[in-house]
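Report on the structure given below.
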Amino acid sequence: RKPHVMKPEWLKIDLTSKKSTGETAGILSKHHMNTICTSGLCPNRAECWMARTATLMIGGDICTRKCRFCNTLSGRPRALDSNEPTRVAESIKALGLRYAVITSVDRDDLDDYGAAHWVQTIKEIQRLNPETKVELLIPDFMGKAELIRQVMATKPHVAGHNMETVRRLTPSVRSVARYDRSLEVLHEITKCGITAKTGFMLGLGETHEEILETMDDILKTGCKRLTLGQYLQPTAHHLPVSAYITPEQFANYKRIALEKGFKHVVSGPLVRSSYHAAEG
Ligand code: SF4
Ligand code: SF4
């Protein structure tokens with residue numbers, strides 16, 4: 001099947017250009033680590049890995065949800081691996097990461113949605129890598145405030161939770177997640193005194209007004225860091241791209257977001273939530 005819209009020039013990039021990705025990939029595979037950089041087919045691998053930033057995924061590699069934009073496997077996950085916190089912390093050390101972004105699959109099969117495993121992993125990372133800044137990209141923990149608070153008690157540098165898309169498209173783009181619940185997650189993070197961060201994708205069929213409305217809703221939670229990136233269809237089985245947003249439009253949305261009150265905005269066709277995370 002052909003994509004509905006032609007991919008524009010600014011998205012045709014060479015994923016094999018820089019050599020440090022080979023070394024990083026070797027260390028990751030030795031530690032049996034899942035990264036979003038690889039599983040999400042992220043176009044920024046070479047750049048991020050050279051800058052010693054990577055996004056590691058915990059909780060296994062099978063998600064209980066099935067979002068229509070996401071390339072992660074979904075189904076019934078295996079039991080949590082109690083060695084994973086140590087493996088993650090050791091990989092970060094072996095990679096010499098200056099900035100580690102931790103995310104997970106959603107574990108709706110577990111009583112605590114994986115919160116205790118998150119806490120153990122973060123503590124182990126902090127113990128073995130006291131110099132590394134840790135950014136979290138958390139699931140919604142079904143909106144359970146006490147679970148979010150437990151994770152925030154580890155005092156991460158930044159904690160993010162992505163809105164992914166505008167209100168109207170949420171039911172058709174995300175699975176199980178709700179727009180208002182995700183806003184509540186961001187609010188809970190800021191209430192814990194942790195710097196909150198979020199992002200959403202453009203090119204899924206949202207209107208200009210809906211983008212502005214989403215920005216306003218996010219600002220009301222106290223979250224002032226935003227990433228905006230182009231949705232890219234990972235395989236023919238995923239949602240088709242509805243529009244390719246130009247670099248100029250992305251720059252315009254950045255300007256608008258800053259005017260509205262965001263403090264840190266990264267906006268561009270190849271931007272992912274962890275892109276240039278170490279800045280600012
Ligand atoms: Fe990995 Fe995020 Fe960088 Fe992509 S933007 S390579 S997912 S750290
Ligand atoms: Fe992907 Fe959705 Fe699962 Fe997150 S919750 S890993 S976006 S399927």
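Indexing begins at 1, ligand by ligand and atom by atom, following the structure's order. Predicted model, so just to flag it, every value in this text is computed and none were measured.
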Exercise for the section: For the pair Tyr244 and Leu232, evaluate side chain to side chain contact (heavy atoms under 4.5 Å, CB included) and give the outcome as yes or no after the intermediate values. Expected result: CA-CA 9 Å; Tyr244 286 109; Leu232 294 175; 4.0 Å; yes
Return the residue, atom name and 0.1 Å-rounded distance of the protein heavy atom closest to [atom].
atom: atom 7 (S) of ligand 2; result: Phe69 CZ, 3.5 Å
atom: atom 1 (Fe) of ligand 2; result: Cys70 SG, 2.3 Å
atom: atom 3 (Fe) of ligand 1; result: Cys48 SG, 2.2 Å
atom: atom 4 (Fe) of ligand 2; result: Asp106 OD1, 4.2 Å
atom: atom 2 (Fe) of ligand 2; result: Cys67 SG, 2.3 Å

Problem - Proximal atoms of ligand 2 relative to Cys63 (non-hydrogen, under 4.0 Å) - result: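 Heavy-atom distances to Cys63 below 4.0 Å select 3 (Fe), 5 (S), 6 (S), 8 (S).
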Exercise for the section: Report, in ascending order of atom number, the atoms of ligand 2 lying under 4.0 Å from any heavy atom of Arg65. Expected result: 5 (S), 8 (S)
Is it the case that atom [atom1] in [X] sees more than 12 heavy atoms from other parts of the structure closer than 6.0 Å?
X: Lys191; atom1: NZ; result: yes
X: Arg68; atom1: CZ; result: no
X: Arg178; atom1: CZ; result: no
X: Glu131; atom1: CD; result: no

Exercise for the section: Please confirm whether Thr55 comes under 4.0 Å of ligand 1, counting heavy atoms of the residue only. Expected result: yes
Practice task
Would you check if atom 4 (Fe) of ligand 1 lies under 2.8 Å from any N, O or S atom of Cys42?
Solution key: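 Yes, since at least one N, O or S atom of Cys42 sits under 2.8 Å from atom 4 (Fe) of ligand 1.
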Going by the order shown, which atoms of ligand 1 are within less than 4.0 Å of some heavy atom of [X]?
X: Cys37; result: 1 (Fe), 6 (S), 7 (S), 8 (S)
X: Asn44; result: 5 (S), 6 (S)
X: Tyr275; result: 5 (S)
X: Arg45; result: 6 (S)

Problem - N, O or S from Ser274 under 2.8 Å to atom 2 (Fe) of ligand 1 - result: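 Within the cut-off used here (under 2.8 Å), Ser274 does place an N, O or S atom near atom 2 (Fe) of ligand 1.
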Practice task
Using a strict cut-off of less than 4.0 Å between a Lys/Arg side-chain nitrogen and an Asp/Glu carboxylate oxygen, indicate whether Asp140 and Arg65 qualify as a salt bridge.
Solution key: yes
Handout entry: Salt-bridge present (Asp112, Arg107; N to O < 4.0 Å)
Key = no
Exercise for the section: Kindly say whether Tyr179 contributes a backbone atom to a donor-acceptor pair with the side chain of Ser182 at under 3.5 angstrom? Expected result: no
Exercise for the section: Compute the ring centroids of His208 and Tyr253, then answer whether they are less than 6.0 Å apart. Expected result: yes
